[in-house]
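In what follows, a single structure is set out as structure tokens and then discussed.
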Amino acid sequence: MPELPEVETIKRDLEQEVLNKKIIGIKVSLPRLIKIPTVNQFRKCLKEAFIKMIKRKGKYILCFMNTGDCLIFHLGMSGSLLYQKRNERVVARVNNKHNHLLFIFEDGSKMIYNDVRQFGKIWLIKENYKLREIESLGWEPLEENFTLQEFTRTIQSKKGNIKSLLMNQKIIAGIGNIYANEVLFLAGIHPMRKGNSLNNNELWKLYLSIKNVLNNAVLARGTTIADESYRDLQGKPGSYIEKVLVYGKKTGKCPVCGNPLSVIRIENRSTFLCSSCQR
DNA sequence: AAAGTAACCTGCCCGC
DNA sequence: TGCGGGCAGGTTACTT
């Protein structure tokens, strides 16, 4: 799915387009996506409301409404939020058949939730309600309170393999399969290393790699790995794919030493690495 | 208690 | 050309 950089890009774009626009119409065509409350309640509570502030937590987008409610999106594996002005069509290769939720604003513009695989989730809760999925999230890797000291302490106390730890949203929020692969390659660390086996120097390299990869991916507006994958709010692809060093390169060569890359499976996810550079 | 597996979905790609 | 298997950015629930 959209990992942290993709979700952050969508969040920033939304802030430019939908803040303070009154919702005058709501169409729900896949009720199953809405986890809380019922579809009828959802529509009733959002009608005539507007978004006054947007935040991102991990891979979640939180829209704080003027009504005191909070509208939350998780884009799952293939979800997109798309925006179109009145009489404007979403360009891009996005199949309308997977449009599941539509908001129409007062000025005639629209926000569409599109999701091929339907793994996304949407909630509408009171803004002070503690949603378990949000409450259990770990460190925000781009925030200042995520320090090398905290990172070191957290990882050195864990026995699991480092790739699973990086992807565990309860430990660090926002890293998925693409960026976990990239971060570990950049840090020169083998994905199967145990958390508690990493020394201070390795954790320092890993910490810098997390910040580096995520910040650069945000600057590139995310990673689009195929025509039908991630799109921003305007339906455009992200360009970090040009910077990707190992993810998806089944037959590729290591950009550092030139040896063939390996693919292994960790927690049933493809894991790309250079077995001579990553130890 | 940690680690593996199935489940939720649709679509693409590859081999036969 | 068609069919089956495997795989895809994620997360949770249920097994071992």
Side-chain angles (χ1 to χ4, degrees), chain A residues 1-11 29-36 56-61 72-81 93-101 113-123 131-138 155 157-184 191-197 213-214 217-218 220-232 236-241 243-244 246-251 263-272:
Chain A
M1 110 141 185
E3 305 179 32
L4 185 152
E6 292 76 28
V7 178
E8 179 65 22
T9 300
I10 294 169
K11 179 254 182 186
S29 31
L30 188 64
R32 179 156 41 80
L33 289 175
I34 297 167
K35 302 303 166 183
I36 297 179
R56 178 193 56 75
K57 290 194 178 191
K59 302 172 189 172
Y60 295 80
I61 296 170
I72 302 178
F73 296 90
H74 188 290
L75 308 182
M77 202 81 123
S78 55
S80 303
L81 278 170
R93 309 170 59 111
V94 175
N95 190 334
N96 291 339
K97 149 178 155 187
H98 302 296
N99 289 351
H100 304 311
L101 175 60
Y113 179 73
N114 179 290
D115 190 350
V116 173
R117 294 180 65 185
Q118 307 175 15
F119 290 169
K121 293 178 180 170
I122 298 166
W123 299 261
L131 191 67
R132 179 176 48 84
E133 287 84 345
I134 301 285
E135 291 301 305
S136 65
L137 292 174
I155 298 300
S157 68
K158 304 282 191 298
K159 284 179 270 189
N161 70 69
I162 186 62
K163 186 184 180 223
S164 298
L165 296 177
L166 292 179
M167 290 178 68
N168 184 337
Q169 304 301 300
K170 295 183 171 68
I171 299 174
I172 302 171
I175 299 177
N177 202 30
I178 295 178
Y179 298 114
N181 277 281
E182 294 301 305
V183 163
L184 287 164
M192 285 303 288
R193 287 283 300 281
K194 304 297 176 199
N196 60 9
S197 79
V213 168
L214 294 179
V218 170
R221 301 180 56 80
T223 304
T224 299
I225 58 181
D227 280 344
E228 64 279 2
S229 72
Y230 160 77
R231 297 282 160 167
D232 69 15
K236 299 197 206 95
S239 67
Y240 194 77
I241 189 66
K243 306 269 175 61
V244 163
V246 291
Y247 177 81
K249 302 191 187 291
K250 289 180 179 59
T251 57
V263 192
I264 60 176
R265 284 190 88 76
I266 298 176
E267 288 190 338
N268 231 17
R269 312 298 296 278
S270 289
T271 306
F272 301 85

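These figures come from a predicted structure and were not determined experimentally. Every chain is numbered from 1 and lettered A, B, ... according to where its sequence line falls, protein lines coming before strand lines.
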Are A:L33 and A:Y113 close enough that some pair of their side-chain heavy atoms sits under 4.5 Å apart?
yes
Between B:dT5 and C:dC7, how far apart are the two P atoms, rounded to whole Å?
13 Å
Under the 5.5 Å and 30° test, is A:F119 stacked on the base of B:dC8?
yes
Between the side chain of A:E3 and the main-chain N/O of A:G176, is any donor-acceptor distance below 3.5 Å?
yes
Do the side-chain N or O atoms of A:K59 get closer than 4.0 angstrom to the phosphate oxygens (OP1, OP2) of C:dG10?
yes
With distance as the sole test, does A:N161 use its side chain to make a donor-acceptor pair with the main-chain N or O of A:G195 at under 3.5 Å?
no
Applying the 3.5 Å cut-off to both distances, the Watson-Crick or G-U partner of C:dC3 turns out to be B:dG15
Please work out if A:K250 contacts a base, only the sugar-phosphate, or nothing of the nucleic acid, heavy-atom cut-off 4.0 Å.
nothing
I'd like to know if the side chain of A:T223 reaches the main chain of A:Y240, judged simply by a donor and an acceptor atom lying under 3.5 Å from each other, with no hydrogens or angles considered.
no
Below 4.0 Å: OP1/OP2 of B:dT10 and any side-chain N or O of A:H98:
no
I want to check one thing: is the phosphate of B:dC9, taken as OP1 and OP2, less than 4.0 Å away from some side-chain N or O of A:R32?
yes
Counting the atoms with a prime plus P, OP1 and OP2 as sugar-phosphate, which does A:Y240 contact under 4.0 Å by heavy atoms, base, sugar-phosphate, or nothing?
nothing
At less than 3.5 Å, do the side-chain atoms of A:R117 and the base atoms of C:dA8 form a donor-acceptor pair?
yes
Categorize A:T223 for me: base, sugar-phosphate, or nothing, with a 4.0 angstrom heavy-atom threshold over every strand shown.
base
Please check if the side chain of A:S136 supplies one atom and the backbone of A:R132 the other of a donor-acceptor pair under 3.5 Å.
yes
Using only side-chain N and O atoms of A:S270, determine if any of them is under 4.0 Å from OP1 or OP2 of C:dA8.
yes
Counting only side-chain N and O atoms of A:Q169, is one of them less than 4.0 Å from OP1 or OP2 of C:dT11?
yes
Out of C:dA8, B:dT10, C:dG10, whichever nucleotide has its closest atom nearest the side chain of A:Y247:
C:dA8
Side-chain N or O of A:K97 less than 4.0 angstrom from OP1 or OP2 on B:dG11?
yes
What interatomic distance, in whole Å, is found between P of B:dG11 and the corresponding atom of C:dT11?
22 Å
